[in-house]
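Naming convention: chains lettered A, B, ... in sequence-line order (proteins, then strands); numbering from 1 in each chain.
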2 protein chains.
Amino acid sequence: MSQQRVKECGHLLKDQGIPFTVQRRLVLEGVLSLKNHPTADQVYREVVSRIPGLSRATVYRTLETFARLGVITKLDHAGRAVRFDGRVDGHHHLICVRCDSVFDLSDQRLDDLPRPDTSAMGFEVTELRVQARGVCRACRDSRPSDESI
Amino acid sequence: MSQQRVKECGHLLKDQGIPFTVQRRLVLEGVLSLKNHPTADQVYREVVSRIPGLSRATVYRTLETFARLGVITKLDHAGRAVRFDGRVDGHHHLICVRCDSVFDLSDQRLDDLPRPDTSAMGFEVTELRVQARGVCRACRDSRPSDESI
DNA sequence: TTAAGTGCAAAAGCTTTGCGGGTAG
DNA sequence: CTACCCGCAAAGCTTTTGCACTTAA
(Lines give C-alpha, C1' and ligand atoms only; values in the text may rest on other atoms or scores of the structure.)
Protein backbone atom coordinates (compact mmCIF):
# COMPACT_ATOMS: atom_id res chain seq x y z
CA MET A 1 0.00 0.00 0.00
CA SER A 2 2.09 2.90 1.24
CA GLN A 3 5.41 1.20 0.73
CA GLN A 4 6.73 4.60 -0.24
CA ARG A 5 5.98 5.97 3.25
CA VAL A 6 7.52 2.88 4.83
CA LYS A 7 10.76 3.36 2.93
CA GLU A 8 10.94 7.04 3.74
CA CYS A 9 10.44 6.37 7.42
CA GLY A 10 13.06 3.66 7.32
CA HIS A 11 15.57 6.12 5.98
CA LEU A 12 14.50 8.71 8.54
CA LEU A 13 15.23 6.27 11.33
CA LYS A 14 18.55 5.16 9.91
CA ASP A 15 19.64 8.77 9.45
CA GLN A 16 19.21 9.16 13.17
CA GLY A 17 21.10 6.00 13.95
CA ILE A 18 17.98 4.08 14.89
CA PRO A 19 17.88 0.60 13.40
CA PHE A 20 14.87 -0.16 11.25
CA THR A 21 14.26 -3.65 12.53
CA VAL A 22 11.74 -6.12 11.24
CA GLN A 23 9.50 -5.40 14.22
CA ARG A 24 9.60 -1.67 13.60
CA ARG A 25 8.87 -2.05 9.92
CA LEU A 26 5.89 -4.29 10.54
CA VAL A 27 4.53 -2.11 13.33
CA LEU A 28 4.75 0.83 10.98
CA GLU A 29 3.00 -1.09 8.22
CA GLY A 30 0.37 -2.07 10.76
CA VAL A 31 -0.38 1.49 11.81
CA LEU A 32 -0.49 2.65 8.22
CA SER A 33 -2.84 -0.14 7.19
CA LEU A 34 -5.30 0.35 10.04
CA LYS A 35 -7.30 3.35 8.99
CA ASN A 36 -9.47 3.65 12.07
CA HIS A 37 -7.01 5.27 14.45
CA PRO A 38 -6.10 2.12 16.31
CA THR A 39 -5.02 1.64 19.90
CA ALA A 40 -1.65 0.11 20.65
CA ASP A 41 -3.37 -3.16 21.36
CA GLN A 42 -5.14 -3.15 18.01
CA VAL A 43 -1.80 -2.59 16.29
CA TYR A 44 -0.34 -5.43 18.31
CA ARG A 45 -3.10 -7.82 17.27
CA GLU A 46 -2.62 -6.84 13.64
CA VAL A 47 1.14 -7.29 13.67
CA VAL A 48 1.45 -10.36 15.90
CA SER A 49 -0.11 -12.48 13.17
CA ARG A 50 2.98 -11.80 11.07
CA ILE A 51 5.54 -12.09 13.89
CA PRO A 52 4.19 -14.79 16.17
CA GLY A 53 6.63 -14.10 18.99
CA LEU A 54 6.00 -10.36 19.08
CA SER A 55 5.66 -8.72 22.47
CA ARG A 56 3.23 -6.00 23.41
CA ALA A 57 6.06 -4.10 25.06
CA THR A 58 7.81 -3.85 21.73
CA VAL A 59 4.71 -2.43 20.11
CA TYR A 60 4.23 0.15 22.85
CA ARG A 61 7.90 1.13 22.73
CA THR A 62 7.92 1.29 18.95
CA LEU A 63 4.78 3.40 18.70
CA GLU A 64 6.20 5.78 21.30
CA THR A 65 9.42 6.07 19.32
CA PHE A 66 7.56 6.74 16.10
CA ALA A 67 5.43 9.40 17.74
CA ARG A 68 8.50 11.09 19.19
CA LEU A 69 10.14 11.17 15.79
CA GLY A 70 7.01 12.52 14.14
CA VAL A 71 6.51 9.43 12.01
CA ILE A 72 3.01 8.95 13.42
CA THR A 73 0.84 11.02 15.75
CA LYS A 74 -1.05 10.41 18.95
CA LEU A 75 -4.66 11.39 18.83
CA ASP A 76 -6.16 13.75 21.35
CA HIS A 77 -9.08 11.71 22.51
CA ALA A 78 -10.94 11.29 25.77
CA GLY A 79 -11.02 7.51 25.50
CA ARG A 80 -9.16 5.27 27.85
CA ALA A 81 -6.47 3.96 25.50
CA VAL A 82 -4.18 6.14 23.44
CA ARG A 83 -4.98 6.05 19.76
CA PHE A 84 -2.54 6.49 16.93
CA ASP A 85 -2.75 7.95 13.47
CA GLY A 86 -0.44 7.12 10.60
CA ARG A 87 -1.09 10.48 9.04
CA VAL A 88 1.18 13.32 10.05
CA ASP A 89 -0.05 15.95 7.66
CA GLY A 90 -2.36 18.49 9.23
CA HIS A 91 -5.90 17.24 9.10
CA HIS A 92 -8.96 17.11 11.26
CA HIS A 93 -11.22 14.55 12.85
CA LEU A 94 -14.83 13.63 13.26
CA ILE A 95 -15.49 12.11 16.67
CA CYS A 96 -18.64 10.20 17.42
CA VAL A 97 -19.72 11.02 20.95
CA ARG A 98 -21.67 7.81 21.21
CA CYS A 99 -19.25 5.12 20.06
CA ASP A 100 -15.95 7.03 20.17
CA SER A 101 -15.14 6.27 16.55
CA VAL A 102 -12.77 8.67 14.84
CA PHE A 103 -12.90 9.55 11.16
CA ASP A 104 -10.58 11.69 9.12
CA LEU A 105 -11.92 15.02 8.00
CA SER A 106 -10.42 17.05 5.23
CA ASP A 107 -11.75 20.55 4.74
CA GLN A 108 -9.81 23.29 3.09
CA ARG A 109 -11.67 25.98 4.98
CA LEU A 110 -10.62 24.41 8.27
CA ASP A 111 -7.03 24.25 7.09
CA ASP A 112 -7.07 27.98 6.54
CA LEU A 113 -8.00 28.90 10.09
CA PRO A 114 -6.63 32.14 11.46
CA ARG A 115 -3.90 31.66 14.03
CA PRO A 116 -5.21 32.83 17.38
CA ASP A 117 -3.29 35.65 18.98
CA THR A 118 -1.69 34.08 22.03
CA SER A 119 1.22 36.45 22.38
CA ALA A 120 -0.11 37.79 25.66
CA MET A 121 0.14 34.30 27.15
CA GLY A 122 3.52 33.62 25.65
CA PHE A 123 2.15 30.55 23.96
CA GLU A 124 3.62 29.69 20.59
CA VAL A 125 1.09 27.91 18.40
CA THR A 126 2.48 25.48 15.89
CA GLU A 127 -0.58 23.58 14.74
CA LEU A 128 -4.34 23.84 14.75
CA ARG A 129 -6.49 20.75 14.86
CA VAL A 130 -10.25 20.78 14.63
CA GLN A 131 -12.42 18.18 16.27
CA ALA A 132 -15.92 17.98 14.89
CA ARG A 133 -17.99 16.14 17.45
CA GLY A 134 -21.32 14.56 16.72
CA VAL A 135 -23.00 11.30 15.85
CA CYS A 136 -21.84 8.90 13.16
CA ARG A 137 -24.14 7.18 10.71
CA ALA A 138 -24.06 3.79 12.40
CA CYS A 139 -25.00 5.24 15.77
CA ARG A 140 -27.74 7.38 14.32
CA ASP A 141 -29.22 4.41 12.50
CA SER A 142 -29.14 2.22 15.57
CA ARG A 143 -30.59 4.78 17.97
CA PRO A 144 -32.11 7.69 16.03
CA SER A 145 -33.36 9.80 18.92
CA ASP A 146 -31.20 10.90 21.78
CA GLU A 147 -32.71 8.80 24.49
CA SER A 148 -30.92 8.93 27.77
CA ILE A 149 -29.61 5.81 29.41
CA MET B 1 -16.86 31.65 43.61
CA SER B 2 -19.32 30.31 41.06
CA GLN B 3 -21.98 29.53 43.61
CA GLN B 4 -24.48 30.47 40.97
CA ARG B 5 -23.33 27.60 38.75
CA VAL B 6 -23.38 25.26 41.71
CA LYS B 7 -26.97 26.09 42.51
CA GLU B 8 -28.06 25.75 38.92
CA CYS B 9 -26.45 22.35 38.65
CA GLY B 10 -28.02 21.30 41.91
CA HIS B 11 -31.45 22.09 40.53
CA LEU B 12 -30.63 20.36 37.29
CA LEU B 13 -29.81 17.18 39.18
CA LYS B 14 -32.87 17.36 41.40
CA ASP B 15 -35.10 17.93 38.39
CA GLN B 16 -33.89 14.59 37.12
CA GLY B 17 -34.44 12.89 40.43
CA ILE B 18 -30.73 12.70 41.21
CA PRO B 19 -29.92 13.68 44.78
CA PHE B 20 -27.47 16.56 45.14
CA THR B 21 -25.48 15.07 47.98
CA VAL B 22 -22.72 16.76 49.93
CA GLN B 23 -20.15 14.73 48.02
CA ARG B 24 -21.58 15.76 44.68
CA ARG B 25 -21.74 19.39 45.64
CA LEU B 26 -18.15 19.47 46.81
CA VAL B 27 -16.87 17.53 43.80
CA LEU B 28 -18.61 20.05 41.59
CA GLU B 29 -17.10 22.95 43.52
CA GLY B 30 -13.75 21.25 43.20
CA VAL B 31 -13.92 20.94 39.43
CA LEU B 32 -15.11 24.51 39.08
CA SER B 33 -12.35 25.84 41.30
CA LEU B 34 -9.53 23.98 39.58
CA LYS B 35 -8.92 25.97 36.44
CA ASN B 36 -6.23 23.77 34.97
CA HIS B 37 -8.38 21.00 33.57
CA PRO B 38 -7.73 18.54 36.37
CA THR B 39 -7.65 14.77 36.34
CA ALA B 40 -10.05 12.82 38.51
CA ASP B 41 -7.26 12.25 40.98
CA GLN B 42 -6.51 15.96 41.22
CA VAL B 43 -10.16 16.63 41.94
CA TYR B 44 -10.09 13.92 44.58
CA ARG B 45 -7.09 15.44 46.32
CA GLU B 46 -8.75 18.83 46.29
CA VAL B 47 -12.04 17.61 47.71
CA VAL B 48 -10.79 15.03 50.19
CA SER B 49 -9.41 17.80 52.38
CA ARG B 50 -12.99 18.91 52.99
CA ILE B 51 -14.52 15.43 53.33
CA PRO B 52 -11.85 13.35 55.04
CA GLY B 53 -13.56 10.02 54.42
CA LEU B 54 -14.14 10.63 50.73
CA SER B 55 -13.46 7.75 48.37
CA ARG B 56 -11.85 7.94 44.96
CA ALA B 57 -14.60 5.74 43.60
CA THR B 58 -17.16 8.38 44.51
CA VAL B 59 -15.18 11.05 42.70
CA TYR B 60 -14.86 8.93 39.57
CA ARG B 61 -18.55 8.04 39.66
CA THR B 62 -19.59 11.60 40.30
CA LEU B 63 -17.46 13.09 37.53
CA GLU B 64 -18.83 10.51 35.13
CA THR B 65 -22.37 11.40 36.13
CA PHE B 66 -21.71 15.10 35.69
CA ALA B 67 -20.18 14.54 32.28
CA ARG B 68 -23.13 12.44 31.20
CA LEU B 69 -25.56 15.15 32.28
CA GLY B 70 -23.55 17.84 30.52
CA VAL B 71 -22.66 19.63 33.74
CA ILE B 72 -18.96 19.30 32.97
CA THR B 73 -17.03 18.03 29.94
CA LYS B 74 -14.29 15.53 29.34
CA LEU B 75 -11.33 16.89 27.49
CA ASP B 76 -10.00 15.24 24.37
CA HIS B 77 -6.39 14.81 25.31
CA ALA B 78 -3.73 12.26 24.53
CA GLY B 79 -2.54 12.03 28.12
CA ARG B 80 -2.98 8.96 30.20
CA ALA B 81 -5.62 10.21 32.61
CA VAL B 82 -8.92 11.75 31.58
CA ARG B 83 -9.11 15.46 32.24
CA PHE B 84 -12.21 17.42 33.08
CA ASP B 85 -13.38 20.92 32.38
CA GLY B 86 -15.96 22.81 34.38
CA ARG B 87 -16.85 24.91 31.37
CA VAL B 88 -19.55 23.58 29.11
CA ASP B 89 -19.87 26.53 26.77
CA GLY B 90 -18.17 26.08 23.45
CA HIS B 91 -14.57 27.15 23.72
CA HIS B 92 -11.16 26.05 22.58
CA HIS B 93 -7.88 24.94 24.07
CA LEU B 94 -4.17 25.56 23.91
CA ILE B 95 -2.22 22.36 24.48
CA CYS B 96 1.46 22.38 25.31
CA VAL B 97 3.10 19.51 23.50
CA ARG B 98 5.97 19.47 25.99
CA CYS B 99 4.28 19.47 29.38
CA ASP B 100 0.70 18.57 28.41
CA SER B 101 -0.74 21.64 30.08
CA VAL B 102 -4.09 22.83 28.80
CA PHE B 103 -5.21 26.45 28.70
CA ASP B 104 -8.53 27.92 27.72
CA LEU B 105 -8.64 29.78 24.45
CA SER B 106 -11.38 32.16 23.51
CA ASP B 107 -11.38 33.46 19.98
CA GLN B 108 -14.44 34.74 18.23
CA ARG B 109 -13.07 33.86 14.82
CA LEU B 110 -12.69 30.26 15.89
CA ASP B 111 -16.24 30.22 17.23
CA ASP B 112 -17.49 31.21 13.81
CA LEU B 113 -16.00 28.28 11.96
CA PRO B 114 -17.90 26.95 9.00
CA ARG B 115 -19.58 23.60 9.64
CA PRO B 116 -17.84 21.01 7.48
CA ASP B 117 -20.05 19.24 4.99
CA THR B 118 -20.22 15.68 6.23
CA SER B 119 -23.53 14.73 4.68
CA ALA B 120 -21.85 12.22 2.40
CA MET B 121 -20.62 10.32 5.45
CA GLY B 122 -23.90 10.59 7.28
CA PHE B 123 -22.14 12.24 10.18
CA GLU B 124 -24.10 14.85 12.06
CA VAL B 125 -21.81 17.50 13.54
CA THR B 126 -23.00 19.14 16.72
CA GLU B 127 -19.92 20.94 17.96
CA LEU B 128 -16.55 22.14 16.73
CA ARG B 129 -13.59 22.32 19.07
CA VAL B 130 -10.23 23.71 18.09
CA GLN B 131 -7.00 22.52 19.65
CA ALA B 132 -4.11 24.89 19.20
CA ARG B 133 -0.98 22.88 19.86
CA GLY B 134 2.37 24.40 20.63
CA VAL B 135 4.70 25.36 23.45
CA CYS B 136 3.68 27.24 26.56
CA ARG B 137 5.69 30.05 28.10
CA ALA B 138 7.10 28.02 30.97
CA CYS B 139 8.40 25.30 28.66
CA ARG B 140 9.86 27.77 26.22
CA ASP B 141 11.68 29.56 29.01
CA SER B 142 13.08 26.39 30.48
CA ARG B 143 14.21 24.88 27.21
CA PRO B 144 14.22 27.52 24.47
CA SER B 145 15.44 25.42 21.57
CA ASP B 146 13.86 22.18 20.53
CA GLU B 147 16.59 19.84 21.61
CA SER B 148 15.78 16.20 21.32
CA ILE B 149 15.97 13.93 24.31
C1' DT C 1 -39.51 -0.46 52.61
C1' DT C 2 -37.45 0.66 48.56
C1' DA C 3 -34.13 2.94 45.93
C1' DA C 4 -29.94 5.09 45.57
C1' DG C 5 -25.25 6.82 47.31
C1' DT C 6 -21.05 5.97 49.48
C1' DG C 7 -16.70 3.74 51.13
C1' DC C 8 -13.79 -0.03 50.83
C1' DA C 9 -11.25 -3.31 48.57
C1' DA C 10 -10.48 -5.94 44.74
C1' DA C 11 -10.39 -6.39 39.96
C1' DA C 12 -9.71 -4.83 35.38
C1' DG C 13 -7.52 -2.35 31.67
C1' DC C 14 -3.69 0.19 29.74
C1' DT C 15 1.16 1.28 29.83
C1' DT C 16 5.89 1.27 31.44
C1' DT C 17 10.04 -0.79 33.18
C1' DG C 18 13.86 -4.02 34.76
C1' DC C 19 16.31 -7.68 33.25
C1' DG C 20 18.55 -11.30 30.62
C1' DG C 21 19.63 -12.83 26.20
C1' DG C 22 20.36 -11.93 21.48
C1' DT C 23 21.99 -9.39 17.42
C1' DA C 24 24.22 -6.03 14.41
C1' DG C 25 27.98 -2.95 13.59
C1' DC D 1 33.33 -5.34 22.24
C1' DT D 2 29.71 -2.28 22.51
C1' DA D 3 25.38 -0.70 22.09
C1' DC D 4 20.95 -1.38 21.24
C1' DC D 5 16.87 -4.10 20.59
C1' DC D 6 13.60 -7.62 21.90
C1' DG D 7 10.63 -10.76 24.80
C1' DC D 8 9.13 -11.81 29.23
C1' DA D 9 7.29 -10.83 33.48
C1' DA D 10 6.32 -7.77 36.93
C1' DA D 11 5.09 -3.42 38.46
C1' DG D 12 2.59 0.92 38.04
C1' DC D 13 -1.11 3.93 37.23
C1' DT D 14 -5.92 4.92 36.10
C1' DT D 15 -10.51 3.47 36.23
C1' DT D 16 -14.34 0.33 37.18
C1' DT D 17 -17.02 -2.87 39.91
C1' DG D 18 -19.11 -5.90 43.70
C1' DC D 19 -20.60 -5.66 48.22
C1' DA D 20 -22.18 -4.09 52.62
C1' DC D 21 -23.77 -0.22 55.04
C1' DT D 22 -26.14 4.01 55.37
C1' DT D 23 -29.36 7.49 54.21
C1' DA D 24 -33.47 9.59 52.54
C1' DA D 25 -38.22 9.48 50.52
Whole angstroms only, please: what is the [atom1]-[atom2] distance between [X] and [N]?
X       : N      : atom1 : atom2 : value
A/Phe84 : C/dT15 : CZ    : P     : 7 Å
B/Leu54 : C/dT6  : CG    : P     : 9 Å
B/Leu63 : D/dT14 : CG    : C1'   : 13 Å
A/Ile51 : D/dC6  : CD1   : C1'   : 11 Å
B/Arg61 : D/dT17 : CZ    : C1'   : 8 Å
A/Leu13 : D/dC5  : CG    : P     : 9 Å
B/Leu26 : C/dG5  : CG    : P     : 17 Å
A/Ile18 : D/dC4  : CD1   : P     : 10 Å

Crowded around B/Arg50 CZ? As in, over 12 foreign heavy atoms under 6.0 Å? no
Go through [options] for me and flag the one nearest to the [X] side chain.
X       : options               : value
A/Gln23 : D/dT15, D/dG7, C/dG5  : D/dG7
A/Arg80 : D/dC5, C/dG13, D/dT14 : C/dG13
A/Ser55 : C/dT15, D/dG7, C/dT6  : D/dG7

When you check the side-chain N and O atoms of A/Gln42 and A/Glu46, is any donor under 3.5 Å from an acceptor? no
Examine [N]: is either OP1 or OP2 under 4.0 Å from a nitrogen or oxygen in the side chain of [X]? Give yes or no.
X       : N      : value
A/Thr21 : D/dC6  : yes
B/Tyr60 : D/dT15 : yes
A/Arg24 : D/dC5  : yes
B/Thr58 : C/dG7  : yes

Check: A/Pro114 main-chain N/O paired with B/Arg109 side-chain donor or acceptor under 3.5 Å: no
Quick one: does any side-chain atom of B/Arg5 pair with a main-chain N or O of B/Gly86 as donor and acceptor, under 3.5 Å? yes
When every non-hydrogen atom of A/Phe66 is compared with those of A/Val27, the smallest separation belongs to CE1-CG1, 4.2 Å
Assuming nearest nucleotide by heavy-atom distance, tell me which of A/Ala57 and B/Thr62 is located more 5' along DNA chain C. B/Thr62
